[in-house]
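None of the values given here were measured: they were computed from a predicted structure. To find a chain, count down the sequence lines: A is the first, B the second, and so on, and within it residues start at 1.
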2 protein chains.
Amino acid sequence: MTGYAQFCPVAKAAEVFDQRWTLLVLREMVAGSTRFNDLHRGLPRMSRTLLSRRLTQLERKGIVERDETADGPVYELTDAGHELLPVLVAIGEWGVRWMSSLDEADLDPVFLLWDMHRRIDREALPDGQTIVALTFRDAAPELRRWWLLLAPDEVDVCDEDPGLDVDVHIDTTLEAFVRVWRGDLDWHDAVAQERIGLSGSRLLCRRLPHWFRLSYFAQVPRPGRG
Amino acid sequence: MTGYAQFCPVAKAAEVFDQRWTLLVLREMVAGSTRFNDLHRGLPRMSRTLLSRRLTQLERKGIVERDETADGPVYELTDAGHELLPVLVAIGEWGVRWMSSLDEADLDPVFLLWDMHRRIDREALPDGQTIVALTFRDAAPELRRWWLLLAPDEVDVCDEDPGLDVDVHIDTTLEAFVRVWRGDLDWHDAVAQERIGLSGSRLLCRRLPHWFRLSYFAQVPRPGRG
DNA sequence: CAGGATCCGATTAGATACTG
DNA sequence: CAGTATCTAATCGGATCCTG
């Protein structure tokens with residue numbers, strides 16, 4: 001049996017959500033990804049086979065629509081799919097408040113950089129190109145150093161030295177940076193406690209926090225803190 | 001691997017919700033059940049073994065607390081558990097709007113009567129005892145006839161004739177009655193279309209709809225209807 | 001880039017029987 | 001009433017390789 005055999009709306013909806021990875025595929029779509037490979041970049045640990053399977057299932061349920069376009073297939077949310085936004089928001093708000101313990105495996109720099117790159121506020125960036133280098137002291141050697149190439153018209157992430165002059169260097173740990181990203185830790189506190197080190201021009205270091213729109217859930221009030 | 005290895009709050013929460021039956025166990029708890037057997041009555045198709053396992057897992061995650069009381073163990077929601085209410089509401093609202101197709105297996109009279117019995121508005125009932133008999137013409141023979149023994153201080157459901165005078169008889173189909181219960185179909189329309197037949201005193205037939213508080217989701221506006 | 005096909009190991013759910 | 005123990009069958013997920 002695949003369903004719950006209950007007419008209750010929660011049960012009917014649960015038949016969608018109780019599938020492993022489905023909720024995260026929907027999160028990626030709500031975040032705006034429409035291409036197979038973009039979706040996969042937000043879900044690096046999911047096998048491509050399974051992503052393909054889930055997309056087909058979501059299509060059959062009327063939540064996703066697949067369009068064959070001139071430059072390849074794209075996946076779009078239907079009306080039913082778009083209305084999942086409040087559901088995902090409710091789930092995330094609860095998650096950030098109550099499921100906040102992170103273990104080492106959760107601190108994935110690949111996903112972090114992908115998430116950062118799509119939440120950069122381009123309008124807040126300086127004109128021209130700004131290079132930000134990131135070092136995560138606690139990451140595995142090959143995942144330790146990252147470069148963000150920021151410009152109002154394009155944002156790129158590199159895991160190799162692009163050989164350009166770095167404007168700001170962020171020296172931190174994955175643990176601290178993820179905590180800031182999630183909103184568990186305040187940026188200025190993290191800097192004050194030297195859990196985030198900044199080097200570069202005064203001006204840029206002061207402006208930099210405004211370039212990143214933190215995770216949507218960063219602003220959610222936490223239990224037991226005012 | 002059991003988790004998603006992502007620090008995203010949606011992913012951390014999804015590690016709770018992507019387990020089969022978990023969402024429905026939580027629904028039962030939010031609906032107020034605290035005893036093992038009561039929980040199971042709302043989940044008749046779930047094996048007791050699995051219910052037990054899910055309760056243990058929810059306890060480990062800090063969502064449920066098990067208390068050993070004088071008359072047996074009870075399961076209560078923690079603060080984290082109580083805060084799942086908005087999540088379940090969002091899920092159900094989406095479900096009732098978009099996952100509304102029901103197949104035969106979803107029309108389970110056992111669950112329907114259990115749900116009805118706990119949503120009776122005792123204050124709206126007449127004084128003394130009122131007996132309502134229900135017939136579902138399309139149900140399997142042994143699940144066709146039900147009796148509700150309604151009194152302001154106690155509500156009982158029987159699947160055998162209690163041998164008492166019936167005050168109101170409802171003659172309908174499971175299909176129609178479930179649609180009304182979910183709010184897909186209006187009570188008065190269903191009566192007018194003779195999908196629900198009522199016999200008994202005029203007064204009681206007119207009062208009867210007020211005794212049942214329909215599913216919480218009945219009031220949710222549906223797509224494509226105003 | 002965007003998948004499909006296949007195989008195998010891991011996980012899970014359900015049935016059944018039993019306990020205090 | 002409130003579960004546990006055990007076994008089996010089904011399902012699922014991932015890895016690998018292949019396609020246009």
| field | With sequence neighbours excluded, residues passing side chain to side chain contact (heavy atoms under 4.5 Å, CB included) with Val30(B) | value | Leu77(B), Leu85(B), Leu88(B)

| Nearest-angstrom distance from the residue atom CG of Asn37(B) to P of dA2(D) | 5 Å

| message | Expressed as a whole number of angstroms, how long is the span from Arg66(A):CZ to dA2(C):C1'? | response | 8 Å

| query | Which word best sums up how the rings of Trp21(B) and Tyr4(A) line up, parallel for under 30°, tilted for 30 to 60°, or perpendicular for over 60°? | reply | perpendicular

| Qualifying side-chain hydrogen bond (donor to acceptor under 3.5 Å, both in side chains) pairs with a residue from residues 111-130 of chain B, counting only residues at least two apart or across chains | Glu28(B)-Arg118(B), Asp115(B)-Arg118(B), Asp115(B)-Trp181(B)

| said: According to side chain to side chain contact (heavy atoms under 4.5 Å, CB included), who are the partners of Arg53(A), at least two apart in sequence or on a separate chain? | reply: Thr49(A), Leu50(A)

| message | Test of understanding: with salt bridge (Lys or Arg N to Asp or Glu O under 4.0 Å), list the residues that count as partners of Arg97(B), not counting sequence neighbours. | response | Glu83(A)

| With Ser33(B), which residues qualify under side chain to side chain donor-acceptor pair (under 3.5 Å), at least two apart? | none

| query | Distance check: side-chain N/O of Arg35(A) vs OP1/OP2 of dA2(C), anything under 4.0 Å? | reply | yes

| field | Glu59(B)/Lys61(B) ion pair, N-O < 4.0 Å | value | no

Below 3.5 Å, can you tabulate the donor-acceptor pairs from side chains in residues 146-163 of chain B to any protein atom, sequence neighbours excluded?
{"residue": "Trp146(B)", "atom": "NE1", "partner": "Leu143(B)", "partner atom": "O", "Å": "2.8"}
{"residue": "Asp161(B)", "atom": "OD1", "partner": "Gly163(B)", "partner atom": "N", "Å": "2.7"}

| If only side-chain N and O atoms of Tyr75(A) are considered, is one of them under 4.0 Å from the OP1 or OP2 phosphate oxygen of dG3(C)? | yes

| field | Net bend of the helix from dC1(C)-dG20(D) to dG20(C)-dC1(D), end axes of five pairs each, nearest 10 degrees | value | 50°

Hey, what are the protein-to-nucleotides 18-20 of chain C N/O distances that come in under 3.5 Å?
none

| query | Could you give the OH-to-C1' distance, from Tyr4(B) to dG14(D), as a whole number of Å? | reply | 15 Å

| With sequence neighbours excluded, residues passing side chain to side chain contact (heavy atoms under 4.5 Å, CB included) with Thr56(B) | Arg60(B)

| message | Among residues 102-114 of chain B, which ones have heavy-atom contacts with DNA chain D below 4.0 Å? | response | none

| message | List the residues meeting side chain to side chain contact (heavy atoms under 4.5 Å, CB included) with Asp103(B), not counting sequence neighbours, and say none if there are none. | response | Ala105(B), Asp106(B)

| Can you check the Glu68(B) CD to dG3(D) P distance for me, whole Å? | 8 Å

| said: Can you list, in residue-number order, the parts of residues 51-65 of chain A that come under 4.0 Å of DNA chain D, counting heavy atoms only? | reply: Arg53(A), Arg54(A)

